[in-house]
Amino acid sequence: MQQKNCTVKIDSTSTKKVNILMVDDHPENLLALEAVLTSPNYNLVSATSGKQALKYMLKQDFAVILLDVQMPGLNGFETAKLIKMREKTKNIPIIFITAISQDVEHVHQGYSVGAIDYIFKPYEPELLKQKIKQFVKIHQNHEEQLIQNEAEKTAEIQEINEKLDLTTLDLRRSEALAKVIGDTILDTIVTFDTYGKILSVNKAIKSMFGYSYEEVVDYQIGSLFLIDTVEKEAKSKQIDMSFIKQAGERVFEVIALRKDKSWFHADIQVGKTTVEGHEIFVCTIRDITERKQMEEDKKQKYIDMETIVQERTMELLIANEKLKTEIVERKKIAEHLLASQERFKKMFESSPNLLAIFSLDDKSFIDVNERWIEYTGYSNEELNSLNLGLLYCIEESNCHYQDLQTPSRNQKITYKTKSGQIRSGLLSTELITLHSKQCALIVVTDITDRVLLENEMARLDRLNLIGEMAAGIAHEIRNPMTTVHGFLQVAKSSRDPLKLEIVDLMLDELNRANSIITEFLNLAKNKVSDKKSQSINNIIESLFPLIQAEALRSSKEAILDLHECPDIYLDEKEIRQIILNIALNGLDAMTPGGELAIRTYTENKDVVLEIQDQGEGISPDIIEKIGTPFFTTKEEGTGLGLAICYSVAERHQADIYITTGDTGTIFSIRFNS
C-alpha cells in the first residue's frame, strides 16, 4: 500500500474540553452528577428534558450522554431512540441512570434502544467517574482517529489533485502538440464515427482536397476516395465503411477525389479508439503522386538500364575481341620495343656524338657512352664521385650552366675536359622517363674543329673583304686628296694667301678622308667584345638625350616605349654605336614633323630592340644592298655605318630584320636567348 504523504500530530492531553451531556428532569440529580464529574477536562452540559437534550445535540458534539429513564414528555428510552436515529449522533455512548425499576426487561429495553451501560441509583461516584473517564477516552481516541482519517483523506485528495493537475497539463500539452502537428503536417488527418461521418479534419484538407473545414465536416469519409481509375477517369464506386473497417491499421493505396473531381494516388491508414463508449476512427491520408511518379521513373530507368546493360554487354564483347587483338599487337610492340632498346643501346654506344643520361631527381649521371669518355676524359663513376654535375655544359652566349629542365636544340656551348682543354660543341637535351625517374638525355656534338675552321675562314673572308675594300677606299680617299692637292698647287703658284673658304674646304676633305679610314679600321679589325650582363633599357635611356637633341634640331620628335626586359650580355660601346647609327639614319630619312620611336620588349625569351621611323620607306632593290660596305644613298655618307651595325649584331649573336613600307621603316634587332 502506498504511504500517504501526510503527518498528523495528536496530543492526548489536549486542552480542548470534552462535552458531556447530563439529562434528568430533577435539578438536584443534575447537581449531584455535576459534583461527581466536575473536571477541567470536561464541559458538563445539563438538560432537564428529552427535547432540551435533542436541541443541545443539534448544536454540539458530546463524548458521552448520561440519560435518566423516567422523565415527563419524552422518557429516556424514546430520547435514546431518537438520538440513535440521527446519523451524526448514533455513535455517541448512552448511559441510562434510573432509580425506579431494576427489572431485567427494563434493562433489556435500555440496551435495545442503544444504551452502552445501565446504572442504578444510588450509584458509586468513583465507579461512575471511572466509567465516564473510559468513555471519554474512547471518544477522544475516536476523535483522534477521525482527525487522522481526515488528514489522510485530505493528503490523498491533495495527491490525487496534483496528479490530476499533471494529467491535465499533459493533456493540454498533448492537445496543443496534436493541434500543431495537425496544422503543420502535410498529411490530411480525418476523424469519423462508426457510420463514416466526418467529425474533424486538419488544415491540410484545403491544400490536398480543396475543401474547407466547414465543407467537409459531416461528409461521408467514403466520398473522399475511389477504389480504382482507368485512363485518368474515375470508374469505380466510392469506398464504403465496410472496406475501411476491414483494412484495419495497415497502409493501403486508394484513389483520392478532390473537390474539383480531379484525383490523385494516396496512401491511407485507419486507426480506431473508443471515447466515452463510442468508436472513433482516425484516417491519415498521404499524397503519393510524387512517389508514384518516382516509381514510374524508376521503372523506366530500370528498363533503360537493362537496355544500357545489354548495349554495354555487347560493347564489352566487342571490346574483348579487340582486346584479344590488342594483346597480340602488344606482344608485337613489346618485341619491337625490345628490339628498339637493343638498337638504342647500340646507337648510344656507337654514336659519334657525346651521349649521357642524367637523373634530374638524383642529380647524377646514369650512363655515358664511349665518345663522352674519349672527349671529356671522365668516366661515369668519376663524374658521380667527383660530383661534377654539368659544369662542362656552358652556354657560349651568357656563360650560364645549361638548364636541363627545358629541352634545347643545338645550343652552342663550351666544355672543359679532364686535361683542362676548352672545347666547343652543340648541346641538345630531351626529357625522358627511365625506371620511373625523370631524366635528361644529353647529346653533345663536338664542333671544336669546325669552329677553328670557321674562325680561319672568317679571317680569310675579312682579308678578302679588306682587299676588295682597298680599291673602294683608294677611290674614296683619292677624291678629297685630289681637291687638297689642286688647291695646294694653286697656292704654290700664287703669291696670294689662300682664302679662308678654301682652307675650310681643304680641312673638310681631309676630315672626310680620316673618317673613312677610321670606320674602315673599325670594320676590318677582329675586335674582342667586352660584354657584361646589363640592361639594354639603361643604355638606351642614357643615349636618348643625344638622339632627342638631334631630332629637335631638325624639327622632329623622338619617343621611348621601353618594356621590362631581362639583363643580357652586351658590349655597351658597340650597342651605343648600333643604336646611334640606325637612329640617325631614321631621322635623316624623315621630313620635319616626323616621329622616331625606340621600343624594347621580350618575345619568346628573346630581347627585341626596335627603331621605327616615319620616312618614305626603302625600295626593294636597295634593301638587298643594305649592309654592303661603301653602299649609301646619302650624298655625304661613307656606306660603312650599317656594315658596322651588322658586324656588331653578329658579335652579339643577334639578328637584324627590316620591315619597310610607305609609312616608314622598322629595324628590329633580336638578341637570341
A.B. asks: Do the non-hydrogen side-chain atoms of R450 and T445 ever get within less than 4.5 Å of each other?
C.D. replies: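 No, side chains not in contact.
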
A.B. asks: Between F671 and I536, does the side chain to side chain contact (heavy atoms under 4.5 Å, CB included) criterion hold? Intermediate values first, please.
C.D. replies: CA-CA 10 Å; F671 296 88; I536 191 171; 3.7 Å; yes

A.B. asks: Check this for me, if you would: do E574 and K531 make a salt bridge, where the nitrogen-to-carboxylate-oxygen distance has to be below 4.0 angstrom?
C.D. replies: no

A.B. asks: Under 3.5 Å, side chain of S359 to main-chain N/O of S364, donor-acceptor pair present?
C.D. replies: no

A.B. asks: Measure the spacing between CG of L570 and CD of E572 and express it to the nearest 0.5 Å.
C.D. replies: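 Going from the CG atom of L570 to the CD atom of E572 covers 9.0 Å.
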
A.B. asks: Can a side-chain donor-acceptor contact be found between T600 and N537 if the only test is distance below 3.5 angstrom?
C.D. replies: yes

A.B. asks: Would you find a donor on one side and an acceptor on the other, under 3.5 Å apart, between the side chain of R343 and the backbone of L338?
C.D. replies: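 Looks like no, no N/O pair under 3.5 Å.
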
A.B. asks: Does atom CD of E564 have more than 12 heavy-atom neighbours from other groups under 6.0 Å away?
C.D. replies: no

A.B. asks: Taking only Lys NZ, Arg NE, NH1 and NH2, and the carboxylate oxygens of Asp or Glu, determine whether E295 and K298 approach each other closer than 4.0 Å.
C.D. replies: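 Result for this pair is no, no salt bridge flagged.
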
A.B. asks: Around R291, counting heavy atoms of other residues, nucleotides and ligands shown, do more than 12 lie under 6.0 Å from its CZ?
C.D. replies: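 Enclosed: over 12 neighbouring heavy atoms sit under 6.0 Å from CZ of R291.
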
A.B. asks: Side chain of N672, backbone of Q653: donor and acceptor closer than 3.5 Å?
C.D. replies: yes

A.B. asks: Quick one: do R670 and D606 make a salt bridge, cutoff under 4.0 Å?
C.D. replies: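 Salt bridge: yes.
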
A.B. asks: For N353, does its backbone N or O pair with a side-chain atom of N369 as donor and acceptor, under 3.5 Å?
C.D. replies: yes

A.B. asks: Evaluate the side-chain proximity of V444 to Y375: yes if any heavy-atom separation is below 4.5 Å, no if none is.
C.D. replies: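 A side-chain contact under 4.5 Å is absent here.
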
A.B. asks: Taking 4.0 angstrom as the limit, do E335 and K332 come out as a salt bridge?
C.D. replies: no

A.B. asks: Distance-only, no hydrogens or angles: does the S207 side chain make a donor-acceptor pair with backbone N or O of A204 under 3.5 Å?
C.D. replies: yes

A.B. asks: Distance from I611 atom CD1 to I669 atom CD1, nearest 0.5 Å?
C.D. replies: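 Nearest 0.5 Å value for the CD1-CD1 distance: 5.0 Å.
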
A.B. asks: Kindly check if the number of other-residue, nucleotide or ligand heavy atoms within 6.0 Å of CD (E650) is above 12?
C.D. replies: no

A.B. asks: Output all residues satisfying side-chain hydrogen bond (donor to acceptor under 3.5 Å, both in side chains) with E610, sequence neighbours left out; order by chain, then residue number.
C.D. replies: R599, Y601

A.B. asks: To the nearest 0.5 Å, tell me how far I578 CD1 sits from I656 CD1.
C.D. replies: 4.5 Å

A.B. asks: Of all the heavy-atom pairs spanning H652 and Y569, show the shortest one and how long it is.
C.D. replies: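 Taking every non-hydrogen atom into account, CD2-O, 3.8 Å.
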
A.B. asks: In terms of side-chain geometry, is the basic nitrogen of R651 or D571 positioned less than 4.0 Å from the acidic oxygen of its partner?
C.D. replies: no

A.B. asks: So which heavy atom on P566 is nearest to which on T602, and how close?
C.D. replies: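 Looking at all heavy atoms of both residues, the closest pair is CD-OG1, 3.5 Å.
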
A.B. asks: How long is the straight-line distance from CG of N581 back to CZ of F667, given to the nearest 0.5 Å?
C.D. replies: 10.5 Å

A.B. asks: Less than 4.5 Å apart, any side-chain heavy atom of Q534 and any of D567?
C.D. replies: no

A.B. asks: Do any N or O atoms from the side chain of K292 and from the backbone of H265 form a donor-acceptor pair under 3.5 angstrom?
C.D. replies: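 It does not hold such a pair.
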
A.B. asks: Atom CD1 in I559, atom CD in E595: separation rounded to 0.5 Å?
C.D. replies: 3.5 Å

A.B. asks: How about D662: does its CG atom have over 12 heavy atoms from other parts shown lying under 6.0 Å from it?
C.D. replies: no

A.B. asks: Got a donor-acceptor contact below 3.5 angstrom from the T448 side chain to the S424 backbone?
C.D. replies: yes

A.B. asks: Are any of the side-chain heavy atoms of T376 and V368 separated by less than 4.5 Å?
C.D. replies: no

A.B. asks: Give a yes or no on whether R286 atom CZ has more than 12 heavy-atom contacts from other residues, nucleotides or ligands under 6.0 Å away.
C.D. replies: no

A.B. asks: Where is the tightest heavy-atom contact between Q438 and T433, given as atom of each residue plus distance?
C.D. replies: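 Smallest interatomic distance, heavy atoms only, reads OE1-OG1, 3.9 Å.
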
A.B. asks: Please name the pair of heavy atoms, one in S542 and one in R576, separated by the smallest distance, quoted to 0.1 Å.
C.D. replies: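 S542 and R576 have their closest heavy atoms at OG-NH1, 3.5 Å.
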
A.B. asks: So do the side chains of L562 and F544 get within less than 4.5 Å of each other, counting heavy atoms only?
C.D. replies: no

A.B. asks: Using side-chain heavy atoms (C-beta onward) and a distance below 4.5 Å, is I547 in contact with L580?
C.D. replies: yes

A.B. asks: Are the side chains of D446 and Y415 in contact, using a 4.5 Å heavy-atom criterion?
C.D. replies: yes

A.B. asks: Does CD in E290 sit with more than 12 non-hydrogen atoms of other residues, nucleotides or ligands closer than 6.0 Å?
C.D. replies: no

A.B. asks: Taking atom CG of D367 and atom CD1 of I357, what is their separation to the nearest 0.5 Å?
C.D. replies: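 Answer rounded to 0.5 Å: 6.0 Å.
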
A.B. asks: Quick check: closest heavy atoms across A583 and L596, and the distance to 0.1 Å?
C.D. replies: O-CD2, 3.8 Å

A.B. asks: Carefully, step by step, assess L609 and I575 under the rule side chain to side chain contact (heavy atoms under 4.5 Å, CB included).
C.D. replies: CA-CA 11 Å; L609 165 63; I575 296 301; 5.5 Å; no

A.B. asks: Quick one: does F365's side chain get under 4.5 Å of Y378's, heavy atoms only?
C.D. replies: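 SC-SC contact between F365 and Y378 ruled out.
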
A.B. asks: Judged by atom type as modelled, is there a donor-acceptor pair below 3.5 Å linking the side chain of S428 to the main-chain atoms of N410?
C.D. replies: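 Yes; judged by distance alone, with no hydrogens or angles, the pair exists.
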
A.B. asks: Looking only at side-chain N and O atoms, does E306 offer a donor or acceptor that is under 3.5 Å from a partner on Y302?
C.D. replies: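 Side-chain D/A pair, Y302 to E306: present.
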
A.B. asks: Looking at W372 and A356, what are the two nearest heavy atoms and their distance?
C.D. replies: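 Smallest heavy-atom distance, with atoms named: CZ3-CB, 3.6 Å.
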
